[in-house]
*Asks:* 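Dropping the structure in here first, questions after.
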Amino acid sequence: MIFIGVTILVNGILALISTYLPISFLKPKDIIEGPKIFAKFNLLGINIYINQTILNTWILMLLMIVILYLGTRKLSVEKPGVMQLILEELYNFIDEQFLANFKNYKKTFMPLFSALFSFLLLANLSSFLFPFIWMKETHGNITKIVPFFRTPTADINTTVGLALIVTITFIGCGIYKNGVIGIIRDLSKPFVLMFPINLIGELAKPINISMRLFGNMFAGIVIVGLLYGISLNNILSSWTGNMLNGSFSFAVMWPGFLQLYLDLFIGALQAFVFTVLSSVYVQQALLGDEDDEN
């Protein structure tokens, strides 16, 4: 009964606003909308687009820099600040979860995996952390207010780019350890005819982690979009004899709990899984089958 009452109350308030103010509450025409394009310029005959994904990524990177600056500007052993304690816990978490088997290479790869995990965590949770940051779109005489943040990892360009960074890293580690001839020799085991299959297996690693991350985050946006789109369009006019305008939405309150699960839990989990797999690929290329005694 509480849910029904809240649903009717919220729809009534939105209907009053739509009727007596020049404001309409519309659901998207499509189940999911692509990133907005903010700017376009030409560089050497190539069109470069600055879209929502790129801008959101830049802002998240800037946020990471600010957090790192605030957490390290007044380092203290006796009286550490809150931000310093948070960064120390993050450092310990990354050291234990992602770099436990890196032996003497921990300090070398700490910057890479700390930046990778921190960015993925912020990117996956951006829609959850910043839901009330909006932007204005103008189409003729109509002005639309839409969310500014769109999960960057729901754009395949972001996930493929991150996977390429990981790929270049573990290939570079393999060359550093064994040289180019050594890599070719390893890919030719147990006999030379296995080289194409082993090569495909290595190249499939970035495809695997990028598609896994993109698929999960994109699916979350689609599911949430479908849930929030459950409504009867323009039904209030007929129900109230043209006294009220607007649609009646059944997506009041309850989709928020599912969005909390999809954005918070799944987002954090996928950031963890992507970083774990990346660290495993790099560790295998760098240390191979060396046992702990070495």
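Since we're looking at a predicted model, the values are computed, not measured.
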*Asks:* Measuring only between side-chain heavy atoms, which start at C-beta, is Q270 closer than 4.5 Å to I266?
*Replies:*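 SC-SC contact between Q270 and I266 confirmed.
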
*Asks:* Would you mind reporting whether N198 and S188 have side-chain heavy atoms less than 4.5 Å apart?
*Replies:*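 In short, these two side chains do not touch, never coming nearer than 4.5 Å.
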
*Asks:* I want to check something: taking the side chain as every heavy atom from C-beta on, are L162 and S210 in contact at a cut-off of under 4.5 Å?
*Replies:*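 L162 vs S210: side chains apart.
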
*Asks:* For Q52 and F149, which heavy atoms make the closest approach, and how far apart are they?
*Replies:*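 Smallest heavy-atom distance, with atoms named: NE2-C, 4.1 Å.
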
*Asks:* Provide the closest heavy-atom pair for V276 versus S279 in the form atom of the first, atom of the second, distance.
*Replies:*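 The answer is O-OG, 2.7 Å.
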
*Asks:* Just how far is it from atom CE of M211 to atom OG1 of T159, taken to the nearest 0.5 Å?
*Replies:*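 Reported to 0.5 Å precision, the distance equals 6.5 Å.
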
*Asks:* Compare every heavy atom of L60 with every heavy atom of P152, then report the nearest pair and how far apart it is.
*Replies:*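 Closest approach of P152 to L60, heavy atoms only: CG-CD1, 4.0 Å.
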
*Asks:* I168 and I184: same hydrophobic cluster, using ILVMFWY side-chain contacts below 4.5 Å?
*Replies:*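 I168 and I184: separate clusters.
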
*Asks:* Can you list every ring pair (Phe, Tyr, Trp, His ring centres under 6.0 Å) pair that touches residues 65-93, not counting sequence neighbours?
*Replies:*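 Those involving residues 65-93 are F93-F98, F93-F117.
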
*Asks:* Provide the closest heavy-atom pair for L125 versus A268 in the form atom of the first, atom of the second, distance.
*Replies:*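 Minimum heavy-atom separation between L125 and A268: CD2-N, 4.1 Å.
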
*Asks:* Less than 4.5 Å apart, side chain to side chain, heavy atoms only: is that true for L286 and F109?
*Replies:*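 When only atoms from C-beta onward are counted, F109 and L286 do touch, with a gap below 4.5 Å.
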
*Asks:* Is any side-chain heavy atom of L187 less than 4.5 Å from a side-chain heavy atom of E202?
*Replies:*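 Yes, close enough: below the 4.5 Å cut-off.
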
*Asks:* Does V273 form a side-chain contact (heavy atoms from CB on, under 4.5 Å) with R212? I'd like the steps, not just the answer.
*Replies:* CA-CA 9 Å; V273 169; R212 180 197 303 270; 3.8 Å; yes

*Asks:* Do I54 and M135 sit in the same hydrophobic cluster, where Ile, Leu, Val, Met, Phe, Trp and Tyr count as joined when their side-chain heavy atoms come under 4.5 Å apart?
*Replies:*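 Yes: a chain of side-chain contacts under 4.5 Å links I54 to M135.
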
*Asks:* Any chance the side chains of T153 and T158 put a donor and an acceptor closer than 3.5 Å?
*Replies:*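 The answer is no; no qualifying pair exists.
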
*Asks:* Same cluster or not: L193 versus I200, using hydrophobic residues (I, L, V, M, F, W, Y) connected whenever any side-chain heavy atoms lie under 4.5 Å apart?
*Replies:*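 Cluster IDs for L193 and I200 differ.
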
*Asks:* I'd like to know if the side chain of N47 and the backbone of N42 have a donor-acceptor N/O pair within less than 3.5 Å.
*Replies:*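 Here the side-chain-to-backbone pair does not exist.
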
*Asks:* Can L116 be reached from I65 by stepping across I, L, V, M, F, W or Y side chains whose heavy atoms are under 4.5 Å apart?
*Replies:*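 Shared cluster, no.
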
*Asks:* Indicate, with yes or no, if F214 and V222 share a hydrophobic cluster defined by side-chain heavy-atom contacts under 4.5 Å among Ile, Leu, Val, Met, Phe, Trp and Tyr.
*Replies:*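 Yes, because V222 and F214 connect within a single hydrophobic cluster, where side-chain heavy atoms sit under 4.5 Å apart.
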
*Asks:* Just by modelled atom types, is the P111 backbone N or O under 3.5 Å from a matching donor or acceptor in the S114 side chain?
*Replies:*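 Between the backbone of P111 and the side chain of S114 there is a qualifying donor-acceptor contact (under 3.5 Å).
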
*Asks:* Can you tell me how far apart CZ (F113) and CG (L120) are? Round to the nearest 0.5 Å.
*Replies:*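 F113 CZ to L120 CG: 11.5 Å, rounded to 0.5 Å.
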
*Asks:* Looking at every non-hydrogen atom in both residues, tell me the closest pair between L122 and M64 and how far apart they are.
*Replies:*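 Nearest pair, atom of L122 first, then M64: CD1-CG, 3.4 Å.
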
*Asks:* Should I50 and W58 count as side-chain neighbours, where that means a heavy-atom distance under 4.5 Å?
*Replies:*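 Side-chain contact under 4.5 Å: yes.
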
*Asks:* Looking only at non-hydrogen atoms, find the nearest pair between K106 and L99 and report the distance.
*Replies:*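 What the structure gives for the nearest pair is CE-O, 2.9 Å.
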
*Asks:* Could you tell me whether a side-chain N or O of N51 sits under 3.5 Å from a main-chain N or O of I37, the two making a donor and an acceptor?
*Replies:*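 Here the side-chain-to-backbone pair does not exist.
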
*Asks:* Return the CG to CG distance between N92 and L87, rounded to the nearest 0.5 Å.
*Replies:*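 If we round to the nearest 0.5 Å, N92:CG and L87:CG are 11.0 Å apart.
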
*Asks:* I133 versus P147: any side-chain heavy-atom pair under 4.5 Å?
*Replies:*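 A side-chain contact under 4.5 Å is absent here.
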
*Asks:* Using 0.5 Å steps for rounding, measure from the CG atom of L269 to the CZ atom of F274.
*Replies:*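 Reported value, rounded in 0.5 Å steps: 14.0 Å.
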
*Asks:* Is there a side-chain contact between L287 and N101, using heavy atoms and a 4.5 Å cut-off?
*Replies:*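 They are not in side-chain contact.
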
